[in-house]
Amino acid sequence: MVQGKFQDILRIVSEVLNFKIRQFKRLDGGWGSLDKETGKWNGMISNLVNNEADLITASLTLCCKRDEAVDFLLFPLATQSLGLVIKRK
């Protein structure tokens with residue numbers, strides 16, 4: 001679940017943009033990998049591409065064709081490389 005700096009940032013953004021936060025964990029626990037045979041994503045990336053989520057917060061590596069499936073909003077928080085990931089239109 002969202003904690004720490006991301007929780008604070010997400011709360012502020014939700015207040016400014018007037019949206020409600022609904023947090024949930026992936027049942028498969030996956031980050032988001034592309035199945036080359038089916039062309040389908042698993043993990044958090046599948047939540048975005050299947051319209052089950054509008055935004056995810058994670059320390060998620062920009063790799064594996066993820067940047068072709070979703071948009072990454074990256075910014076440094078302290079010494080970590082963290083960011084927000086949103087679905088493509």
Side-chain angles (χ1 to χ4, degrees):
M1 303 313 275
V2 179
Q3 298 177 8
K5 294 174 186 157
F6 267 135
Q7 183 175 1
D8 297 337
I9 292 168
L10 190 57
R11 182 186 48 78
I12 292 167
V13 171
S14 73
E15 290 171 2
V16 171
L17 297 179
N18 193 30
F19 67 84
K20 292 183 180 181
I21 299 168
R22 180 180 63 95
Q23 297 185 57
F24 59 93
K25 288 186 178 182
R26 285 284 308 174
L27 294 176
D28 67 10
W31 292 95
S33 299
L34 181 63
D35 184 316
K36 293 179 182 178
E37 292 181 16
T38 65
K40 294 186 179 184
W41 288 93
N42 70 4
M44 293 183 283
I45 300 297
S46 73
N47 288 121
L48 292 174
V49 299
N50 295 327
N51 293 315
E52 299 164 346
D54 297 313
L55 172 127
I56 60 173
T57 60
S59 180
L60 192 65
T61 305
L62 197 156
C63 72
C64 323
K65 298 193 178 262
R66 287 179 182 152
D67 62 329
E68 295 174 11
V70 296
D71 291 319
F72 282 77
L73 303 173
L74 302 172
F75 52 90
L77 294 174
T79 59
Q80 298 175 337
S81 178
L82 304 171
L84 302 174
V85 183
I86 59 176
K87 66 182 175 185
R88 286 190 185 264
K89 292 253 176 182

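This structure is a prediction, so every number in the text was calculated from the model and none was measured. All residue numbers in this chain count up from 1 along the given sequence.
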What pairs meet the salt bridge (charged side-chain N to carboxylate O under 4.0 Å, His left out) rule with one or both residues in residues 29-42, with sequence neighbours excluded? none
Please find the pair of heavy atoms, one from I45 and one from A69, that lie closest to each other, and give the distance. CG2-CB, 4.4 Å
What one should report as the nearest heavy-atom pair of R66 and W31 is NH2-CB, 3.9 Å
Counting only pairs under 3.5 Å, give me each side-chain donor-acceptor contact of residues 9-21, with atom names and distances, residues two or more places apart or in other chains.
unit_1: R11; atom_1: NH1; unit_2: E15; atom_2: OE2; d: 3.3
unit_1: S14; atom_1: OG; unit_2: L10; atom_2: O; d: 3.4
unit_1: S14; atom_1: OG; unit_2: R11; atom_2: O; d: 2.8

Answer yes or no: is there a donor N or O on one side and an acceptor on the other, between the side chain of N42 and the main chain of S33, under 3.5 Å? yes
Can you list the residues that meet the side-chain hydrogen bond (donor to acceptor under 3.5 Å, both in side chains) rule with D28, with sequence neighbours excluded? R26
Shortest non-hydrogen contact from V49 toward V70: CG1-CG1, 4.3 Å
Can you name the nearest heavy-atom pair linking R22 to E52, along with the distance? NH2-O, 3.4 Å
